[in-house]
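Proteins get letters first, then strands, A, B, ... in listed order; numbering begins at 1 in each. In this text the structure is predicted, and so the values were computed from the model without any measurement.
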Amino acid sequence: MARGGSTMLDIKYVRSNPEVVEEALVRRGARVSLDEFLTLEEQRRARLVEVEQLKNLRNVVSEEIARLKKSGQNPEDLVLQMRDTSLRIKQQDEQLREVESALEQILLEIPNIPHLTVPVGNSEADNPVVRKWGEPANFTFTPRAHWDIGESLDILDFARGSKIAGARFTVYKGWGARLERALVNYMLDLHTEKHGYQEIFPPFMVNRQCMIGTGQLPKFAEDMFHIENTDYYLVPTAEVPLTNLFREEILDDHQLPLKITAYTACFRAEAGAAGRDTRGLIRQHQFNKIELVKFSRPEDSYAELESLTADAEQVLQGLGLPYQVINLCTADLGFSAAKTYDLEVWLPSFQTYREISSCSNFEDFQARRANIRYRPGPKAKPQFVHTLNGSGLAVGRTVAAILENYQQPDGTVIIPEVLRPYMGGRERII
RNA sequence: GGAGAGAUGGCCGAGAUGGUCGAAGGCGGUCGCCUGCUAAGCGAUUAAGCGAGCAAAACUCGCUUCGAGGGUUCGAAUCCCUCUCUCUCCGCCA
């Protein structure tokens, strides 16, 4: 396949096990018929063989022409003959390219195949809870929503956020802004100093190729902010720049598992979310997030998923926020993921757990699209790595969780102990 | 934004007048020899993708790839056009 001919599934695997693939995709509710794909793939190989034979002829005869010329003979008739051959090559190449691009269109829109440990389900209601940590506090009063707390403490300004930008934008003020910054630093310090991730500070805009690499494009263009008249997209998550850091590269075996983390702002158009979570910090067009990304050997990737999830959980535990871990079922699994654990933090005003982190193993889905490989041994052929990532954590939602879980009857908010060094030693927002 | 230079294999780097150039040479890597050990030295080897053959690995053969795309030509790393990126100088700027 042509360069940049990124494919999500292994063509050879699809070709030899179409029923397995089709069945797996049905389980996750993707309506995909592989018939068209298989027909095109058949065509592609037939044409490829044809055109390669013609090219071989051209190469051989061209050498012959050179030899004749050198020995002073006239290759006129061979040249004439090749003129025709070249024309045919051009035409056939053209047709081959059409088949390939049709094939690629299909492949790029096929989601990943769920791992065997992913429960089959019909909706998010079928996501099993894997474990819970912490006890939701018993309030002696009716807990207020974080937007009320934030406004009365004058640390969140929703009205001015919409004035200067629009709906789903928020201004943080004073200790609110400081809390946001404290969380960013606390999380980065934890992951770099305790969990062994290397800190990265990437661009907040990336080109289209990155978006294809991690699977946001071509299918989910409406979820992203695209800078007009450019090839730039605002990053919807640091997963995109971090995973694409090693696009088109071959890593050394000893570099794996490669663990990196970054703070970035994240930008999401939230198309199709009209009317959902319109108040507060839960669903914004711009929010901050610390992301964890790993590149792993295939055989280690599920162990790495567990430890990555644990790394994200450590943040919540450090902050003393009750949460649960759920295993996303086939119906709820994201497009690129083979398996995902969501961490859901307890929000008292909602009387429910809300997503605050999503930790996924993509297996080689993104690695294929982005062409990220490693060399298992000194002379071994390069293989696709497995990529993983998870939020560690979404900062805005963490602020919401802290305000709600640590609110006091007098309207103040206790600052979790681990954050106090980052908050100038303060114990409370008043 | 203006002017100029450049982009070649893991890295560095050569490649007038287009024709065994997938690409000299060096470094690095691997294997072997030599050596009491190390260093040095000697020899060999060292790109990727795709396809065909094979049950498959090994292997064999073919095609493609010298920043990307297009053009000229029987034939392009080499000539022409467009784009991208990098570097230098000037201007501007946090």
Side-chain angles (χ1 to χ4, degrees), chain A residues 1-17 37-38 40-104 107 201-213 227 229-233 241 244-256 258 265 364 367-385:
Chain A
M1 177 144 290
R3 70 173 284 107
S6 29
T7 58
M8 80 133 259
L9 297 170
D10 183 353
I11 292 185
K12 286 177 196 162
Y13 182 78
V14 177
R15 198 199 293 153
S16 41
N17 308 284
F37 165 80
L38 291 168
L40 281 169
E41 169 59 13
E42 201 65 30
Q43 271 184 45
R44 185 193 133 247
R45 278 184 300 150
R47 296 221 176 268
L48 189 59
V49 170
E50 275 176 54
V51 77
E52 282 188 356
Q53 278 168 354
L54 282 175
K55 284 179 177 174
N56 180 236
L57 177 70
R58 181 179 67 184
N59 289 344
V60 170
V61 174
S62 287
E63 268 177 46
E64 179 64 16
I65 290 171
R67 210 171 303 128
L68 287 175
K69 270 195 159 176
K70 215 170 246 176
S71 64
Q73 290 173 273
N74 186 358
E76 189 61 33
D77 42 337
L78 283 181
V79 171
L80 279 170
Q81 192 188 323
M82 283 305 100
R83 201 168 288 174
D84 182 55
T85 304
S86 266
L87 193 67
R88 280 175 59 203
I89 289 173
K90 201 171 284 186
Q91 290 165 344
Q92 299 223 17
D93 259 339
E94 184 65 36
Q95 293 174 1
L96 182 62
R97 236 173 293 141
E98 279 167 24
V99 174
E100 281 182 343
S101 92
L103 209 48
E104 187 166 322
L107 277 168
F201 193 82
F204 289 7
M205 296 184 209
V206 294
N207 56 39
R208 179 183 168 79
Q209 200 56 48
C210 290
M211 290 298 200
I212 290 173
I227 311 293
N229 300 323
T230 71
D231 189 36
Y232 299 137
Y233 293 80
N244 279 282
L245 229 39
F246 300 105
R247 176 151 54 84
E248 313 283 333
E249 292 192 32
I250 300 174
L251 302 168
D252 286 331
D253 182 67
H254 68 260
Q255 293 178 273
L256 304 180
L258 182 53
D364 63 6
R368 280 178 191 285
R369 294 178 153 239
N371 198 19
I372 307 167
R373 293 170 298 170
Y374 80 109
R375 212 179 287 278
K379 296 200 82 176
K381 278 186 66 164
Q383 310 243 306
F384 290 114
V385 298

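Between A:Asn56 and the phosphate of B:C63, there is a side-chain N or O to OP1/OP2 separation shorter than 4.0 Å. For A:Asn59, a side-chain nitrogen or oxygen approaches OP1 or OP2 of B:C63 to under 4.0 Å.
With sequence neighbours left out, A:Asn59 forms a side-chain contact (heavy atoms from CB on, under 4.5 Å) with no residue at all. Residues satisfying the side-chain hydrogen bond (donor to acceptor under 3.5 Å, both in side chains) criterion with A:Asn56, sequence neighbours excluded, are absent altogether. Partners of A:Tyr232 under the ring-ring contact (aromatic ring centres under 6.0 Å, His included) rule, at least two apart in sequence or in another chain, do not exist in this structure. Remark: A:Met211 engages A:Val206, A:Gln216, A:Leu217, A:Met224, A:Tyr233, A:Pro236, A:Val240 in a side-chain contact (heavy atoms from CB on, under 4.5 Å) (not counting sequence neighbours). A:Leu258 pairs by the side-chain contact (heavy atoms from CB on, under 4.5 Å) definition with A:Phe246, A:Leu251, A:Leu256, A:Phe295, not counting sequence neighbours. Every residue two or more places apart in sequence or in another chain that forms a side-chain hydrogen bond (donor to acceptor under 3.5 Å, both in side chains) with A:Arg45 is listed here: A:Glu42. A search for side-chain contact (heavy atoms from CB on, under 4.5 Å) contacts involving A:Pro382 returns A:Ile250, A:Arg373, A:Arg375, not counting sequence neighbours.
When each of A:Val79 and A:Pro382 is assigned the nucleotide of RNA chain B with its nearest heavy atom, A:Pro382 is the one assigned upstream, toward the 5' end. Residue order along RNA chain B, read from the 5' end via each residue's closest nucleotide, puts A:Lys90 first among A:Lys90 and A:Ser86.
Between B:U17 and B:G70, the two P atoms lie 24 Å apart (nearest whole Å). When the C1' atom is compared between B:G9 and B:A24, the two are found 13 Å apart, to the nearest whole Å. A gap of 8 Å separates the C1' atoms of B:C34 and B:C42, to the nearest Å. Atom name C1', nucleotides B:G67 and B:U60: the rounded distance is 33 Å, in whole Å. A distance of about 15 Å separates the P atoms of B:G51 and B:A58, rounded to the whole Å. Atom name C1', nucleotides B:U86 and B:G25: the rounded distance is 25 Å, in whole Å. Using atom P as the reference point in both B:C31 and B:C12, the two lie 25 Å apart (nearest Å). Going from the C1' atom of B:G18 to that of B:G26 covers 28 Å, rounded to whole Å.
A salt bridge links A:Arg67 with A:Glu64: the distance from a Lys NZ or Arg NE/NH1/NH2 to an Asp or Glu carboxylate oxygen falls below 4.0 Å.
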Anything under 3.5 Å between a protein N or O and an N or O of nucleotides 16-21 of chain B, put it in a table, one pair a line.
residue, atom, partner, partner atom, Å
B:G19, O6, A:Lys69, NZ, 2.9
B:G19, N2, A:Ser62, O, 3.2

Report, one pair per line, the protein and nucleotides 51-57 of chain B atoms (nitrogen or oxygen only) whose separation is under 3.5 Å.
residue, atom, partner, partner atom, Å
B:G51, OP2, A:Lys12, NZ, 3.4
B:A52, OP1, A:Arg45, NH1, 3.1

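Residue-level contact check: A:Arg208 touches neither bases nor backbone, having no heavy atom under 4.0 Å from any strand. Among the atoms of the strands shown, only primed sugar atoms or phosphate atoms (P, OP1, OP2) are found under 4.0 Å from some heavy atom of A:Arg373.
Atom CZ in A:Arg47 sits about 20 Å away from atom P in B:C63, given to the nearest Å. The CD atom of A:Glu76 sits 13 Å away from the C1' atom of B:U73 (whole-angstrom rounding). The distance from atom OH of A:Tyr374 to atom C1' of B:A48 is 17 Å, rounded to the nearest whole Å. Remark: C1' of B:U65 and CG of A:Asn371 are 13 Å apart, rounded to the nearest angstrom. What separates CG of A:Leu68 from P of B:G75 is a distance of 16 Å, to the nearest Å. Atom pair A:Gln53:CD and B:C50:C1' shows a separation of 15 Å (rounding to whole Å applied). Taking atom CD on A:Glu50 and atom P on B:U64, their separation rounds to 16 Å, with Å as the unit. Spacing between atom CD of A:Glu94 and atom C1' of B:G71 amounts to 14 Å, rounded to whole angstrom units.
Listed by first and then second residue, the salt bridge (Lys or Arg N to Asp or Glu O under 4.0 Å) pairs involving residues 46-55 of chain A are A:Lys55-A:Asp93 (not counting sequence neighbours).
Tested against A:Glu94 for a side chain to side chain contact (heavy atoms under 4.5 Å, CB included), the candidates A:Gln91, A:Glu98, A:Lys90 yield a single pass: A:Glu98.
When side chains are defined from C-beta on, A:Asp84 counts as touching A:Arg88, because their heavy atoms get closer than 4.5 Å.
In RNA chain B, the stems built from three or more successive Watson-Crick or G-U pairs (distances below 3.5 Å) are B:1-7 with B:84-90, B:10-12 with B:25-27, B:28-33 with B:41-46, B:47-53 with B:59-65, B:67-71 with B:79-83.
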In residues 73-83 of chain A, what donor-acceptor pairs under 3.5 Å come from side-chain atoms, sequence neighbours left out?
residue, atom, partner, partner atom, Å
A:Gln73, OE1, A:Ser71, OG, 3.1
A:Asn74, OD1, A:Glu76, N, 3.0

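Here the side chain of A:Arg247 pairs no donor or acceptor atom with the backbone of A:Ala370 at under 3.5 angstrom.
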